[in-house]
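Reviewing the structure listed below.
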Amino acid sequence: MSSTSMRTLVWFRGKDLRISDHGPLCEAACHGEVIGLFVLDPYFFAPERARELPHRMQFLLESIAALQSNLEQLGSGLVLARGKSIEVVPRLARRWRVDKVLAQRWTEPFARKRDAIVAERLHVPFELHEGETLAVPEEVRTGEGKSYSVFTPFARAHRAVVRVGSPLRAPKTLPPLPDDIRADKATLPSLESLGIAHNPRLLAGGERAARERLRRFLASAAERYDAERDRLDLASTSRLSADLKFGTLSIRTVWTAARRALERTNPKAWRSFSNELLWREFTHAVLWNNPNLLKHPRRAEFETFPWEPNEPGWRAWCEGKTGYPIVDASARQLLGEGFVHNRARMISASFLVKDLLIDYRRGEAHYMKYLTDGDWAQNNAGWQWSAGCGFDAQPYFRVFNPIDQGRKFDPTGGYVRRWIPEIARLPDKHLHAPWEAPAAVLRAAGITLGETYPNPIVNHASARNRFLAIAQGRMSAR
DNA sequence: TCCCAGTTAGC
DNA sequence: CTAACTGGG
């Protein structure tokens, strides 16, 4: 077979928006004509849907535009098409007479269903490449061949079994898009046309910005990561979560670059950073093996837990007006910049579920709406972990104390002061519990509790006891 | 990737 | 009085 006789459709989706270390693109480039396609599916791009995910849409549009221009620089381009993926891809594959369709495998159940339908409707082979995770599904198994349900043994087995190869280089050049196909191109909608206001506080999308973030993180990580990664008031984490979600960096690129930069110079930093990446591997493996998790808690007792509607509590939590500064700062950071430090996510989740007794799935959905890095496997695992109902979850009786967590992980108060300016003038001592400050201190800081900043909507100590009493009754009843 | 109450040691 | 440690949820 002549290697230049093939015409391959490379179907880019929302999790592989790059030209480096892109298996389908490299394979297609080796065998002849390449047609890069992105489908503007109304499931995401209908304005009423898009408005439900403003931050991810901004990052996505920037990343698609960057991919388009990167492919053009290689001599090709990215074809955009409107319509439902399951209809558009088979139709275009036929009209363009492609020999095969390549894409990157997804973990989520709805995506697996979509890909199965596309495979059935295509008249040519549909091949899914690995790349979303380091491990292939089913690769990390126990001695008995079962999937792991606890992180630590999973991570140990992963480190022992999974071989991480070198990332693939982007093709040097690509053949030009055929003329008849060029004519089919739709244009990328603007954020404004979808009814979303541009948010300058979000990280920039696209592969180049992602590489720059990786470079800057690794330049300082050996010095700072190990000691400072839990600090909310310092910027010492990688901030690569959105890049891993949208694939503007491949996980393999991040893993190999971090290993090279950290393993020798600071083995503890490498250990803890790679563990974070392995958590991501774990959440994806768990979701692959348990597609029901997106709808149901793993532990059945939580399905019938007496959650409360608590509408005032829900609104206060969403808006950052609970009266607990660390909880409110994280809520406002989520709305303001589409990102929250992982520790702040845990504090905030613990508060919603355990102090307010609100179903973790409402919090999960709220995070999916506003997180730029909103990833189904990661976000679901995080919420089920916090609620105490998932795989390798914390025990149900762990309740975060928002005051102690604030003092410990935001000791300078920089995080709270940035997001809660109305209490910024409080001294450090009272910043995380304003209601305990003497009247004179409050007055001097220009604060009237209940007016300029809320009183706490619940008493944490009694809320904690209430949760523990309910949970204990249910857990022992089993 | 926790919290709390109880205890002990040290000042 | 505080820090350090413990056991149990």
Side-chain angles (χ1 to χ4, degrees), chain A residues 148-156 158-159 221 224-234 236-241 268-283 286 299 301-302 305 324 326-327 329-330 339-357 360 363 367 373 377-411 415 429 432-433 436 456 458-478:
Chain A
Y148 284 98
S149 51
V150 179
F151 172 72
T152 305
F154 170 88
R156 194 178 302 123
H158 190 294
R159 287 181 195 275
R224 308 179 51 188
Y225 187 73
D226 193 54
E228 297 180 2
R229 69 204 178 91
D230 262 327
R231 288 281 294 272
L232 303 172
D233 52 343
L234 305 172
S236 31
T237 60
S238 74
R239 293 297 296 262
L240 296 175
S241 50
K268 283 169 80 180
W270 163 243
R271 181 84 195 172
S272 45
F273 182 66
S274 59
N275 245 10
E276 299 302 325
L277 299 180
L278 290 178
W279 266 103
R280 179 177 175 279
E281 295 283 304
F282 180 64
T283 63
V286 157
R299 296 187 60 168
E301 309 92 286
F302 283 81
F305 194 90
Y324 285 89
I326 201 75
V327 174
S330 80
F339 178 83
V340 184
H341 186 290
N342 189 49
R343 175 155 298 277
R345 296 186 198 199
M346 296 191 290
I347 297 168
S348 157
S350 178
F351 191 83
L352 183 77
V353 172
K354 297 175 177 181
D355 288 61
L356 302 182
L357 292 177
Y360 77 90
Y367 267 42
D373 62 45
Q378 291 271 77
N379 190 51
N380 178 262
W383 277 92
Q384 292 220 32
W385 184 89
S386 289
C389 61
F391 281 87
D392 200 15
Q394 59 170 350
Y396 70 88
F397 47 77
R398 279 193 191 172
V399 179
F400 280 64
N401 181 319
I403 304 145
D404 291 347
Q405 289 278 322
R407 288 181 177 147
K408 197 164 168 195
F409 298 111
D410 182 26
Y415 182 60
K429 188 178 170 208
H432 292 288
E436 286 175 355
V458 290
N459 175 298
H460 174 68
S462 33
R464 174 176 185 273
N465 289 333
R466 180 178 57 155
F467 174 82
L468 288 177
I470 297 173
Q472 255 163 59
R474 302 183 65 77
M475 299 308 139
S476 55
R478 246 169 67 85

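First the proteins, then the strands, lettered A, B, ... as listed; each starts at 1.
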**Study point:** Span of DNA chain B, from the first to the last nucleotide whose atoms fall under 4.0 Å of chain A heavy atoms
**Key:** B:dT1 to B:dC4

**Study point:** Sequence-distant partners of A:Arg466, salt bridge (charged side-chain N to carboxylate O under 4.0 Å, His left out), two or more places apart
**Key:** A:Glu308

Could you pull out all residues at least two apart from [X] that satisfy ring-ring contact (aromatic ring centres under 6.0 Å, His included)?
X: A:His460; value: none
X: A:Tyr324; value: A:Phe351, A:Trp435
X: A:Phe273; value: A:Phe217, A:Tyr225
X: A:Trp279; value: A:Phe151, A:Phe282

Practice item. Sequence neighbours left out, what passes side chain to side chain contact (heavy atoms under 4.5 Å, CB included) with A:Arg239? Give chain and number order. Key: A:Leu203, A:Thr237, A:Glu337, A:Phe339

Study note, to complete from the structure: Hits for side chain to side chain contact (heavy atoms under 4.5 Å, CB included) against A:Asn459, two or more places apart or cross-chain, chain-then-number order -> A:Ala461, A:Ser462

Check your understanding: Does the ring of A:Phe409 carry A:Arg343 above it, NZ/CZ under 6.0 angstrom from centre and within 45° of its axis?
Key -> yes

**Study point:** salt_bridge(A:Asp373, A:Arg345) N-O dist < 4.0 Å
**Key:** yes

Review point. Which residues within residues 398-405 of chain A lie with some heavy atom under 4.0 Å of an atom in DNA chain B?
Key: A:Arg398, A:Val399, A:Phe400, A:Asn401, A:Asp404, A:Gln405

Review point. Based on Watson-Crick and G-U pairs with both distances under 3.5 Å, what dot-bracket line describes DNA chain C 5' to 3', crossing pairs as [ ] and inter-strand pairs as |?
Key: |||||||||

Grab the N/O contacts between the protein and nucleotides 1-5 of chain C below 3.5 Å, and write none if there aren't any.
none

Check your understanding: Which residue pairs satisfy the salt bridge (Lys or Arg N to Asp or Glu O under 4.0 Å) criterion with at least one member in residues 270-279 of chain A, sequence neighbours excluded?
Key -> A:Arg229-A:Glu276

Practice item. Could you tell me whether a side-chain N or O of A:Ser350 sits under 3.5 Å from a main-chain N or O of A:Phe400, the two making a donor and an acceptor? Key: yes

**Study point:** A:Glu228 side chain to A:Ser236 backbone, donor-acceptor under 3.5 Å
**Key:** no

